[in-house]
Colleague: 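Right, I'll just put the structure down here and ask away after.
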2 protein chains.
Amino acid sequence: MPSKALPPITMEAVYAAPGYLFRRMQQIAVSIFMEECKAFDLTPVQYAALIAIHTHPGIDATRLSAVIAFDRSTLGSVIERLQAKDLVERKPAPEDKRIKLLYLTKQGAVILRDIIPVVERAQARMLEPLKPAERKALMGLMTQLVDLNNEASRVPLRAEDALEHLGKAG
Amino acid sequence: MPSKALPPITMEAVYAAPGYLFRRMQQIAVSIFMEECKAFDLTPVQYAALIAIHTHPGIDATRLSAVIAFDRSTLGSVIERLQAKDLVERKPAPEDKRIKLLYLTKQGAVILRDIIPVVERAQARMLEPLKPAERKALMGLMTQLVDLNNEASRVPLRAEDALEHLGKAG
DNA sequence: TGTTGATTGACAGTATACTTACGATCTAGG
DNA sequence: CCTAGATCGTAAGTATACTGTCAATCAACA
């Protein structure tokens, strides 16, 4: 019997593929974030790190990488940049010489407070072209998909598990 | 009158934000792509470049960057790597000494043909956790959103406009 | 107790992704 | 024709994002 005909190779197929749409949307999201937050000189990842350190003072780099779903290797340089800007400080843990604990500086807390409404505006702008009901539907589907695909990309720990040792409930 | 109370700063707010979900989904998508295509040693961007060069033989780097929504600067190194793997060749354009035209090599065409079904499987895996109707809805919304946000990130030319000089209709 | 095994932060290496800038070249207006 | 501006590829610089590996340290078990 004849083999099935191969579909033609077109850019249209690429443009309709999930991978392309996710990559493109990530580009757009970063671009909007950077534009809105220009005055703060903070990247999306640096922002996420500040939030997590604020929420979990005294967290170490490995657990932070789990909380913000960010590679442990790269996180080192992110922290360095936040340290260079005096937004974050690292203190050696007395009970474990391997670990360095992370804290926001006063300046870091101030910047975080000031940038939050700006980030909210950026987040809103990303979805602005859609109607309210569509925004809600999209966020629901994305939340589901990211959650169900969680193990597909290398995140060493689930965020909740990562924080058990801190004795924090939320 | 009293100022509105600030919402509390939580990681939950970050996890529900569009920017976080888009970044996370992009990580997952790349991870699934790389896992499926391990044997071919091709990245998602390299794959998109091969498709575009196949679809538009003799395209130059600047137009290619518009077609695959990829930064012009970075594309240089992507092409270098494809050239090093003998998948792509560059020929100087006789009528314009600035331009180098891009073509697939025979080996590039073979790899492209072989990798396409593997990429399809990767694309399917990204959406697998969702029900068919949900997949369709998500892709519809993402297509809309990327399309309507197109100018938000710096893509120098719309893909269609970029190709006018080639005298190609599609 | 003493050594195996796991964990932590750091580093090297590769590949996006973006910003500017720059020389070579082309094109259009005068 | 000839110069002002645009475009081409390239490069330098910054910041993710991932793969590995490594020494120092810790924890747990024989």
Side-chain angles (χ1 to χ4, degrees), chain A residues 19 23-24 26-35 38 41-49 59-66 68-85 90-102 152-157 162 165, chain B residues 19 23-24 26-35 38 41-49 59-66 68-85 90-102 152-157 162 165:
Chain A
R23 172 170 75 83
R24 191 77 189 91
Q26 161 69 1
Q27 285 180 328
I28 291 166
V30 170
S31 177
I32 291 176
F33 184 103
M34 296 301 275
E35 194 182 318
K38 202 162 26 184
D41 189 32
L42 274 188
T43 67
V45 171
Q46 288 170 13
Y47 168 76
I59 198 172
D60 63 289
T62 296
R63 250 145 292 272
L64 178 59
S65 80
I68 62 177
F70 195 77
D71 190 75
R72 200 160 59 100
S73 316
T74 319
L75 194 54
S77 51
V78 174
I79 294 173
E80 263 177 31
R81 282 185 280 276
L82 289 175
Q83 246 180 324
K85 288 188 266 194
R90 305 182 84 170
K91 294 178 185 170
E95 77 282 359
D96 188 336
K97 287 179 203 158
R98 294 170 302 176
I99 294 178
K100 298 180 186 172
L101 306 178
L102 291 163
S153 96
R154 187 178 84 160
V155 181
L157 295 168
H165 84 296
Chain B
R23 171 169 75 83
R24 192 77 190 91
Q26 161 70 1
Q27 286 180 328
I28 292 166
V30 170
S31 176
I32 291 176
F33 184 103
M34 296 301 274
E35 194 181 318
K38 203 162 26 184
D41 189 32
L42 274 188
T43 66
V45 170
Q46 288 169 13
Y47 168 76
I59 197 172
D60 61 289
T62 295
R63 249 145 292 271
L64 178 59
S65 80
I68 61 178
F70 195 78
D71 190 76
R72 199 162 60 101
S73 317
T74 319
L75 194 54
S77 52
V78 175
I79 293 173
E80 264 175 29
R81 283 185 278 276
L82 289 174
Q83 246 180 324
K85 288 189 266 194
R90 306 182 84 168
K91 295 178 185 170
E95 76 281 359
D96 189 337
K97 286 177 203 159
R98 295 170 302 176
I99 295 177
K100 296 179 186 173
L101 307 177
L102 291 163
S153 98
R154 188 178 82 160
V155 182
L157 294 168
H165 84 296

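Letters A, B, ... mirror the listed sequences (proteins, then strands); counts begin at 1.
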Colleague: Measuring from the side chain of B/R98 (C-beta onward, heavy atoms only), which nucleotide among C/dC26, C/dT16, C/dG9 has the closest atom?
Modeller: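 Selected nucleotide (nearest to the side chain): C/dC26.
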
Colleague: Taking the side chain as every heavy atom from C-beta outward, state whether A/K85 and A/D41 have any pair of such atoms under 4.5 Å apart.
Modeller: yes

Colleague: Can you find a pair of side-chain heavy atoms, one from A/D60 and one from A/R98, that are under 4.5 Å apart?
Modeller: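 Answer no - side chains too far apart.
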
Colleague: Given atom CD of A/E80 and atom P of D/dA17, what is their separation to the nearest angstrom?
Modeller: 17 Å

Colleague: Just how far, in rounded Å, is P of C/dT20 from CE of A/M34?
Modeller: 11 Å

Colleague: Which listed nucleotide (C/dC26, D/dC8, C/dT8) is nearest to the side chain of A/R63?
Modeller: C/dT8

Colleague: Between B/I99 and B/T62, is any pair of side-chain heavy atoms under 4.5 Å apart?
Modeller: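 Contact flag for B/I99/B/T62 side chains = no.
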
Colleague: Hey, does the side chain of A/Q26 come within less than 4.0 Å of D/dT16's phosphate (OP1/OP2), counting only N and O?
Modeller: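 Answer is no, no contact under 4.0 Å.
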
Colleague: Could you check A/R23 against A/I99 and say which one's nearest nucleotide on DNA chain C is further toward the 5' end?
Modeller: A/I99

Colleague: With respect to the side chain of A/F70, which nucleotide from C/dA15, D/dA17, C/dT25 is positioned closest?
Modeller: D/dA17

Colleague: Among D/dT16, C/dT16, D/dG9, which nucleotide sits nearest the side chain of A/T74?
Modeller: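 It is D/dT16.
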
Colleague: Roughly how many Å is it from CG in B/L75 to C1' in C/dC18, rounded to a whole number?
Modeller: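 In whole Å, C/dC18 C1' lies 13 Å from B/L75 CG.
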
Colleague: Could you tell me the separation between the CD1 atom of A/I28 and the P atom of C/dC18, rounded to a whole number of Å?
Modeller: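 Checked: the CD1 to P distance equals 10 Å.
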
Colleague: Where the side chain of A/D96 is defined as all heavy atoms beyond and including C-beta, which of D/dG9, D/dT25, D/dA15 is the nearest nucleotide?
Modeller: D/dT25

Colleague: Of the options C/dT19, C/dA15, D/dG9, whose atoms approach the side-chain atoms of B/A61 most closely?
Modeller: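 In terms of side-chain proximity for B/A61, the closest of C/dT19, C/dA15, D/dG9 is D/dG9.
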
Colleague: When you check the phosphate oxygens OP1 and OP2 of D/dA17, does a side-chain N or O of A/S73 lie under 4.0 Å from one of them?
Modeller: no

Colleague: Grab the CG-P distance between A/D41 and D/dT16 for me, whole Å please.
Modeller: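 A/D41 atom CG is separated from D/dT16 atom P by 10 Å.
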
Colleague: Please confirm whether the shortest side-chain N or O distance from A/R72 to OP1 or OP2 of D/dT19 is below 4.0 Å.
Modeller: no

Colleague: Are A/R24 and A/Q27 close enough that a side-chain donor and a side-chain acceptor fall under 3.5 Å?
Modeller: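 Yes - a donor-acceptor pair under 3.5 Å links their side chains.
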
Colleague: Less than 4.5 Å apart, any side-chain heavy atom of B/R72 and any of B/L64?
Modeller: no

Colleague: What is the separation between atom CG on B/D71 and atom P on D/dT16, rounded to the nearest whole Å?
Modeller: 16 Å

Colleague: Which residue lies toward the 5' end of DNA chain D, A/P44 or B/K100, if each is placed at its nearest nucleotide?
Modeller: B/K100

Colleague: Let me know, please, whether A/V45 or B/R90 comes out on the 5' side of the other along DNA chain D by nearest nucleotide.
Modeller: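 Here B/R90 is the residue nearer the 5' end.
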
Colleague: What does A/V30 touch in the nucleic acid at a heavy-atom separation under 4.0 angstrom: a base, only the sugar-phosphate, or nothing?
Modeller: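 If one applies the 4.0 Å heavy-atom cut-off, A/V30 turns out to touch nothing in the nucleic acid.
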
Colleague: If I take atom CD in residue A/E95 and atom P in nucleotide C/dT7, what distance separates them, rounded to the nearest angstrom?
Modeller: 17 Å

Colleague: Kindly point out which of D/dC26, D/dA15, C/dT16 is positioned nearest to the side chain of A/T43?
Modeller: D/dA15

Colleague: Does any part of the side chain of B/T43, heavy atoms only, come nearer than 4.5 Å to the side chain of B/R81, both counted from C-beta?
Modeller: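 No, side chains not in contact.
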
Colleague: Among the nucleotides D/dG9, C/dT20, D/dA17, which one has an atom lying closest to any side-chain atom of B/Q27?
Modeller: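 My answer, after comparing the listed nucleotides, is D/dA17.
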
Colleague: NZ of A/K38 versus P of C/dC18: gap in Å, rounded?
Modeller: 16 Å

